[in-house]
Amino acid sequence: MKILYFAWLRTTIGCAEEEITLPDDVVTVADVLDLLREKGGAYAAALGEDKVIRIAVNQDYANMDDPVKQGDEFAIFPPVTGG
Amino acid sequence: MKILYFAWLRTTIGCAEEEITLPDDVVTVADVLDLLREKGGAYAAALGEDKVIRIAVNQDYANMDDPVKQGDEFAIFPPVTGG
Amino acid sequence: MIRVQAENFDVGAEINALSNGNTAIGGICSFVGLVRDFQHTKDDATRVSAMTLEHYPGMTEKKLQEIEEIARNRWPLEDVLIIHRYGRMEPGENIVLVVTASAHRKAAFEACEFLMDYLKTKAPFWKLEEDEKGEGSWVDAREADDAAAQKWDPSAGS
Amino acid sequence: MIRVQAENFDVGAEINALSNGNTAIGGICSFVGLVRDFQHTKDDATRVSAMTLEHYPGMTEKKLQEIEEIARNRWPLEDVLIIHRYGRMEPGENIVLVVTASAHRKAAFEACEFLMDYLKTKAPFWKLEEDEKGEGSWVDAREADDAAAQKWDPSAGS
């Protein structure tokens, strides 16, 4: 699965895009976030419970219990501030 | 007093501007309209009770009981339709 | 600033000129009203081939200045422009332009809509529409315009 | 029509191009958002010397197209234009332009404000502001923007 980071998530984690392989028990958005938090360090800090983040799966906003699969494009970013 | 007519009031009465001398007992907007109605014909028709008209005295909207005096500019027109 | 004129105006050039150089402006809202090719005051739409706007010189400028002043007192505006034409115009031509510039988006939007609603009910202009046979008819005032202006009155209930 | 681009755009030229020749249009509303020279996310205003807009290529276009579609379904619009820039910009530069054209004034105003409110909360753009020392800070999302977008939700209470 391709993971994309934007804005302060990108700068904090120090990565704009990475590829991960989903274990069989990772089936929801929340599972993916847990998997990333387990990497610890900047990941754990950036994705902590106190952080306000948004998730898009295949370029649509997604909720924590939405399903994910290996081929998805998974993006993590802060609330948007354009306009 | 200078009387100005606009839009269908101008075309119905057939006059854009005229000068009248106010009798002593003509002291309000309503009095001026009564005076004009007494001319009969197109005046009586255009200023009939069934007609919706607006009045401005010295270029400000005026009510029926507002005072008028000889030197005023008195305008009669329909509700506006610009913009 | 207000302008009452017979000549057409360039909407784009006017908006570009307004924003130029003032970096306190965060948003510019504009509205341009144009002559449509159909009559909206009757149940069945009739084609309009031209329109003549009559106005009350002197009172028009006075009312537009008052309206600008009310908007400036009510919203934090960096700049305001109101241009209203009079005379004969054909479909597609500009009639009126209102531009508001503010640090804040909401102020720019609200002030622009307020100015349009108010000038539609307060500025002394009257439209005479010509149909394809060249016959003219005075456009009736719309109750919807009165209602739109009324909603800005702080003394009116919500 | 939507456009996501790094280059600046000419507000006036875009508006003029939109109206050209369509005599069913009675009103055109536009809003342009510009880079201000101060920061609005902190209590004490700090001067902003530049701003960089990051975006999510692909999702941005998708969301803007969806937003345009929602507006066209909700209001009788003759035309819609949304342009949003990304990249580095200095105070006074254009960020975003929304233009709506309709036979009716109210539809043009409402759709334009709706589009701005929605893209502020849905379109994946993030602002990084630079202060005079060249230090960058990510702008926080404003609750007021969420509230503004929320008011267009028909399922929300009045």
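Residue numbers start from 1 in every chain, and the chains themselves are labelled A, B, ... in the order their sequence lines are given, proteins ahead of strands.
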Side chains of [X] and [Y]: closer than 4.5 Å at any heavy-atom pair?
X: D:Tyr56; Y: A:Leu4; answer: yes
X: D:Arg142; Y: A:Thr81; answer: no
X: A:Tyr61; Y: D:Met59; answer: yes

Looking only at non-hydrogen atoms, find the nearest pair between [X] and [Y] and report the distance.
X: A:Gln59; Y: D:Lys63; result: O-CE, 3.6 Å
X: D:Pro57; Y: A:Phe6; result: CD-CE2, 4.5 Å
X: A:Gly83; Y: D:Val96; result: C-CG1, 3.5 Å

Need one label for D:Lys62: side chain, backbone, both or neither, based on atoms under 4.5 Å from any heavy atom in chain A.
side chain
So, the part of D:Leu128 with a heavy atom under 4.5 Å from chain A: the answer is neither
Within 6.0 Å of CG in A:Asp24, more than 12 heavy atoms from elsewhere:
no
Does a sphere of radius 6.0 Å around CD in A:Gln70 hold more than 12 heavy atoms from other residues, nucleotides or ligands, not counting ones at 6.0 Å or beyond?
yes
Please state whether the rings of A:Phe77 and D:Trp126 are parallel, tilted or perpendicular, taking 30° and 60° as the class boundaries.
tilted
Taking atom OG1 of A:Thr11 and atom CD of D:Glu54, what is their separation to the nearest 0.5 Å?
8.0 Å
Okay, A:Asn58 and chain D: the region with an atom under 4.5 Å from a heavy atom over there is backbone
